[in-house]
Amino acid sequence: MPLLGCIADDFTGATDLASQLVSVGMRTVQTIGVPDEGLSDDLQSVDAVVVALKSRTIPAKEAIEQSLAALEWLQARGCEQFYFKYCSTFDSTPEGNIGPVTEALMQALDVPFTVACPALPANRRTVYNGYLFANGVPLNESGMQDHPLTPMTDANVVRVMGSQTHHRVGLVDFDCVRLGSEAVRSRFDALQADGVGVAILDAIEQRDLETLGEACRDLRLVTAGSGLALGLHARWANQLTGDRAAELPATSGREAILSGSCSRATLAQIEHAKAHYPHYRLDALALAEDYQGQVDGALALARAHLDASPVLIYASASPDNVKKAQQALGVQAAGEIVERALGEIAAALVTDLGVRRLLVAGGESSGAVVSALEVKGLQIGPSIDPGVPWTVTLGSHARLALALKSGNFGAEDFMTKAWETMP
């Protein structure tokens, strides 16, 4: 019976969290959406379950409905603690959905107080005095201000969260965190007594996350990026799978990379990979003019080269090119046509061309791919880079090895070294 039940607001964020749980010895399964009973056998011996939703950018009402459905399913599985996972860049639409979903989960679980902690120091996401930093600069100077769907123009997490919830928002600052978990718990008590419902947590190093995880061990609900998971596991230390948590069955077959992310990290990874692999660029405007021609071109490249090498098919583009496509097609339509193409190409790669090992870059892209492949669940394995594990599909027609990468994650050589870490 799972101990920890998690709800993630996108697919790559779910695998990020799942990989952190595996790294501390929790055997973890990720489901794609709220599952049917087809995965029941795969949940028999796991320590944690992560339900991956695609709720970050949808209307808040729909995000709440999906999140509550996930919560109800996890409660029925007997989970003891619940974790709402969002991105370490704390991004969502101006209306939410982090605040509204947090409120709804608090109400459903009848808890008056929870925490919010997007920090993930291993990927250079830190929170200091309530301000979120990415790669050493304030979030709104990190490139996230140019995100095509969820631009972030304010680095103050207390202020951002306060604009999305009716609860009072407070802060557990760095000085308190460094005093240890007992001091943090005392701060929780003081904030609650002062009417605060959500506390933002400072963290700049992994040891801070371990302190905070220990302090949060008795909270029924926590909300965070993936980093807080590094400390929560201590609650169940004597019940966990341990070193065997990351074991995966071997999966062999052709290899491909699909990318729709336009983050700086992914763009650098693509440039590195292009020097090693045959590649094909999808263009949103060209897809709008000749959709089938673009898809056929990508598959023709794959057909010609897959026997000898992984292939790279990408729609990633610079911020200027993204804006041109959005102005011509509309923001939503530009994203949807790229997702549709990547999903269709993924299905053809697997069904017609024998691809069995697939890297996907970008949360929206990963959602489109796993939907097209009708993946129901994933067993989480070893990490390629922090927050990006290899996984093996559960409940699908053919066993596949998938690595679903958040756009901002991974080193420059991620797309070339990934194959070396897969069993």
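Atom set for the values below is all heavy atoms of this structure, side chains included, hydrogens, waters and symmetry mates excluded. Heads up: numbering here begins at 1 and tracks the sequence.
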Under the side chain to side chain contact (heavy atoms under 4.5 Å, CB included) rule, what do Ile32 and Lys376 come out as? Steps first, then yes or no, please.
CA-CA 5 Å; Ile32 307 303; Lys376 295 182 178 181; 5.8 Å; no

Give a yes or no on whether the backbone of [Y] and the side-chain of [X] come within a donor-acceptor separation of less than 3.5 Å.
{"X": "Ser163", "Y": "Val160", "answer": "yes"}
{"X": "Asp110", "Y": "Gln107", "answer": "no"}
{"X": "Gln81", "Y": "Gly5", "answer": "no"}
{"X": "Asp385", "Y": "Gly410", "answer": "no"}
{"X": "Arg217", "Y": "Gly213", "answer": "no"}
{"X": "Gln164", "Y": "Gly99", "answer": "yes"}
{"X": "Trp390", "Y": "Ala418", "answer": "yes"}
{"X": "Arg356", "Y": "Val350", "answer": "yes"}
{"X": "Thr114", "Y": "Leu221", "answer": "yes"}
{"X": "Thr31", "Y": "Gly377", "answer": "no"}

Quick check: closest heavy atoms across [X] and [Y], and the distance to 0.1 Å?
{"X": "Ala341", "Y": "Val295", "value": "CB-CG2, 4.2 Å"}
{"X": "Val355", "Y": "Leu400", "value": "O-CD2, 3.9 Å"}
{"X": "Gly25", "Y": "Asp47", "value": "O-OD2, 3.7 Å"}
{"X": "Leu230", "Y": "Ser23", "value": "CD2-OG, 3.8 Å"}
{"X": "Ile337", "Y": "Ala284", "value": "CG2-O, 4.2 Å"}
{"X": "Ser88", "Y": "Leu120", "value": "CB-CB, 4.1 Å"}

Please tell me if the side chains of [X] and [Y] come closer than 4.5 Å, counting only heavy atoms from C-beta onward.
{"X": "Met161", "Y": "Thr102", "answer": "yes"}
{"X": "Ser226", "Y": "Lys85", "answer": "yes"}
{"X": "Leu105", "Y": "Leu68", "answer": "yes"}
{"X": "Ile204", "Y": "Arg178", "answer": "yes"}
{"X": "Leu71", "Y": "Ile7", "answer": "yes"}
{"X": "Ile380", "Y": "Pro389", "answer": "yes"}
{"X": "Asp9", "Y": "Val101", "answer": "no"}
{"X": "Leu4", "Y": "Met26", "answer": "yes"}

Between the side chains of Thr266 and Lys405, is a donor N or O closer than 3.5 angstrom to an acceptor N or O?
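The criterion, which ignores hydrogens and geometry beyond distance, is satisfied for Lys405 and Thr266.
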
Nearest 0.5 angstrom please: [X] [atom1] to [Y] [atom2], how far?
{"X": "Ile270", "Y": "Ser263", "atom1": "CD1", "atom2": "OG", "result": "8.0 Å"}
{"X": "Thr165", "Y": "Met106", "atom1": "OG1", "atom2": "CE", "result": "7.0 Å"}
{"X": "Leu74", "Y": "Tyr83", "atom1": "CG", "atom2": "OH", "result": "14.5 Å"}
{"X": "Lys274", "Y": "His276", "atom1": "NZ", "atom2": "NE2", "result": "13.5 Å"}
{"X": "Arg303", "Y": "Asp352", "atom1": "CZ", "atom2": "CG", "result": "7.5 Å"}
{"X": "Leu373", "Y": "Leu358", "atom1": "CG", "atom2": "CG", "result": "7.0 Å"}

With sequence neighbours excluded, what pairs up with [X] under the side chain to side chain contact (heavy atoms under 4.5 Å, CB included) test?
{"X": "Asn140", "result": "Pro138, Ala155"}
{"X": "Leu179", "result": "Ala183"}
{"X": "Glu255", "result": "Pro310, Arg357, Trp419"}

Identify, with sequence neighbours excluded, every residue that meets ring-ring contact (aromatic ring centres under 6.0 Å, His included) alongside Phe409.
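For Phe409, no residue satisfies ring-ring contact (aromatic ring centres under 6.0 Å, His included) once neighbours in sequence are set aside.
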
If you count heavy atoms of other groups shown closer than 6.0 angstrom to [atom1] of [X], is the number above 12?
{"X": "Glu205", "atom1": "CD", "answer": "yes"}
{"X": "Glu62", "atom1": "CD", "answer": "yes"}
{"X": "Lys417", "atom1": "NZ", "answer": "yes"}
{"X": "Glu65", "atom1": "CD", "answer": "yes"}

When the aromatic ring centroids of Phe133 and Tyr128 are compared, is their separation below 6.0 Å?
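Phe133 vs Tyr128: aromatic centres not under 6.0 Å.
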
Just do the side chain to side chain contact (heavy atoms under 4.5 Å, CB included) check on Ile345 and Ile313 with the steps written out, would you?
CA-CA 9 Å; Ile345 290 167; Ile313 299 168; 3.9 Å; yes

Please walk me through it: do Gln66 and Lys54 pass side chain to side chain donor-acceptor pair (under 3.5 Å)?
CA-CA 9 Å; Gln66 291 184 21; Lys54 196 177 178 184; over 6 Å; no

Describe, in one word, how the ring planes of Tyr86 and Phe90 are oriented to each other, choosing from parallel (under 30°), tilted (30 to 60°) and perpendicular (over 60°).
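Plane angle over 60°, so perpendicular.
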
Assess whether side chain to side chain donor-acceptor pair (under 3.5 Å) is satisfied between Asp91 and Thr89, documenting all intermediate values.
CA-CA 5 Å; Asp91 60 306; Thr89 50; 2.8 Å; yes

Row check, Tyr291 ring normal vs Arg340 NZ/CZ: under 6.0 Å, within 45°
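Judged by the rule, Arg340 and Tyr291 form a cation-pi pair.
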
Sequence neighbours left out, what passes side-chain hydrogen bond (donor to acceptor under 3.5 Å, both in side chains) with Tyr131? Give chain and number order.
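For Tyr131 the side-chain hydrogen bond (donor to acceptor under 3.5 Å, both in side chains) partners, ignoring immediate neighbours, are Asn156.
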
Can you list the residues that meet the side-chain hydrogen bond (donor to acceptor under 3.5 Å, both in side chains) rule with Asp10, with sequence neighbours excluded?
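Scan of Asp10 (side-chain hydrogen bond (donor to acceptor under 3.5 Å, both in side chains), adjacent residues dropped) gives Thr12, Arg56.
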
Test side chain to side chain donor-acceptor pair (under 3.5 Å) applied to Ser181 and Thr211, step by step:
CA-CA 5 Å; Ser181 58; Thr211 296; over 6 Å; no

Worked verdict on Arg187 versus Asp189 for salt bridge (Lys or Arg N to Asp or Glu O under 4.0 Å)
CA-CA 5 Å; Arg187 177 64 174 158; Asp189 292 340; over 6 Å; no

So His167 and Glu103, side chain to side chain donor-acceptor pair (under 3.5 Å) or not? Walk me through it.
CA-CA 8 Å; His167 289 286; Glu103 272 194 7; 4.8 Å; no

Going through the checks in order, is the side chain to side chain contact (heavy atoms under 4.5 Å, CB included) test met by Leu232 and Cys216?
CA-CA 7 Å; Leu232 283 179; Cys216 293; 4.1 Å; yes

